[in-house]
Structure formats: C-alpha cells, structure tokens
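Input: a single structure, listed below in structure tokens.
Starting from 1, each residue takes its place in the sequence as its number. This one's a predicted model, so the numbers in the text were calculated from it and none came from an experiment.
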Amino acid sequence: MGTRTTLVATEKARAVILSGVASSDFREGRADIRQEMNHVDGVMVLGGGLPIRAAGQMVGAVGVSGAPGGDIDAECARAGIDRIQATLDFAQ
C-alpha cells in the first residue's frame, strides 16, 4: 500500500497544480472531463489534494492518500497546511 499511496497523493497534488483549486473542487466542477483527466499521466482527480497559498498566491500543493475516502484525505491535508500557515503568512 505504501508505494501506491504515495503515488496517488502525488498525483492528487499535481491535479491541484494543474487546476489551481482543491482536487475535489476540480473533480466536481469539471465532471465533463473527469474521465479524460484520470487518463493524463501523473494526474489523479480525486479528493485529498489542496493548494498551499501564501499572500493570496498558490505556492504549492499537498496531496494525501490512504484514508478510507478523499474527504478524510482532504482533512489531513488541511491539518498539515494549517500547521504551517502562520509561517507562510509571516513570509509575505
């Protein structure tokens, strides 16, 4: 499970970088191309990827995988971002 979970998390983060929004928002907002996006190498449109923002700009993304559902993955991602947000805000 470890290697695959890491790969899925990375591909969720790439979906965020591609779209600029949470992977679950991309999944819901672009249902018209969801199946096609899941065939793009290195991108997975599933919940659990979130943008990292500083000074209102996206500076990166985090993807989490391994929980029994993308909503729980997203909660874990949010907790990680929240943990460093003060540092990101300070760096502005």
Next item on the list: In plain terms, say whether R27 and D25 are close enough for a salt bridge, that is, a side-chain N and a carboxylate O under 4.0 Å apart.
Entry: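 Salt bridge flag = no for D25 with R27.
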
Check: Does atom CD of E36 have more than 12 heavy-atom neighbours, drawn from other residues, nucleotides or ligands, at distances under 6.0 Å?
Finding: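 Yes - once you tally the heavy atoms of other residues, nucleotides and ligands closer than 6.0 Å, there are more than 12.
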
Check: Is the shortest heavy-atom distance from the side chain of V16 to the side chain of M58 under 4.5 Å?
Finding: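 Of all side-chain heavy-atom pairs linking M58 with V16, at least one is under 4.5 Å.
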
Note to self: Test side-chain contact (heavy atoms from CB on, under 4.5 Å) on L7 and M44; report intermediate values, then the result.
What the structure shows: CA-CA 10 Å; L7 178 63; M44 189 166 291; over 6 Å; no

If I compare all heavy atoms of [X] with all of [Y], which pair ends up nearest, and what's the gap?
| X | Y | result |
| --- | --- | --- |
| G63 | A13 | N-CB, 3.7 Å |
| A22 | L50 | CB-CD2, 3.6 Å |
| I72 | A67 | CG2-CB, 3.5 Å |
| A15 | S23 | CB-CB, 4.4 Å |

Check: Under the 4.5 Å side-chain heavy-atom rule for ILVMFWY, direct or indirect, which residues accompany I33?
Finding: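 Under the 4.5 Å side-chain rule, I33 groups with L18, V21, F26, M37, V40, V43, V45.
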
Next item on the list: Without swapping roles, check the side chain of Q85 against the backbone of I52 for a donor-acceptor pair under 3.5 Å.
Entry: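 Pair absent, no side-chain N/O of Q85 close to backbone of I52.
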
Notebook entry, point to check: Do any N or O atoms from the side chain of K12 and from the backbone of G47 form a donor-acceptor pair under 3.5 angstrom?
Noted result: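 Yes; judged by distance alone, with no hydrogens or angles, the pair exists.
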
Margin query: Are I17 and V59 connected into the same hydrophobic cluster when the rule is that any two of I, L, V, M, F, W, Y join if their side-chain heavy atoms are below 4.5 Å apart?
Written below: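 No; I17 is not reachable from V59 via cluster members.
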
Going by atom type alone, with no hydrogens or angles, which donor-acceptor pairs under 3.5 Å involve a side-chain atom of residues 74-83 and a protein atom two or more places apart or on another chain?
| unit_1 | atom_1 | unit_2 | atom_2 | d |
| --- | --- | --- | --- | --- |
| R78 | NH1 | D82 | OD1 | 3.4 |

Check: What is the distance from atom CG of D89 to atom CZ of R53, rounded to the nearest 0.5 Å?
Finding: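 Output value for this atom pair is 12.5 Å.
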
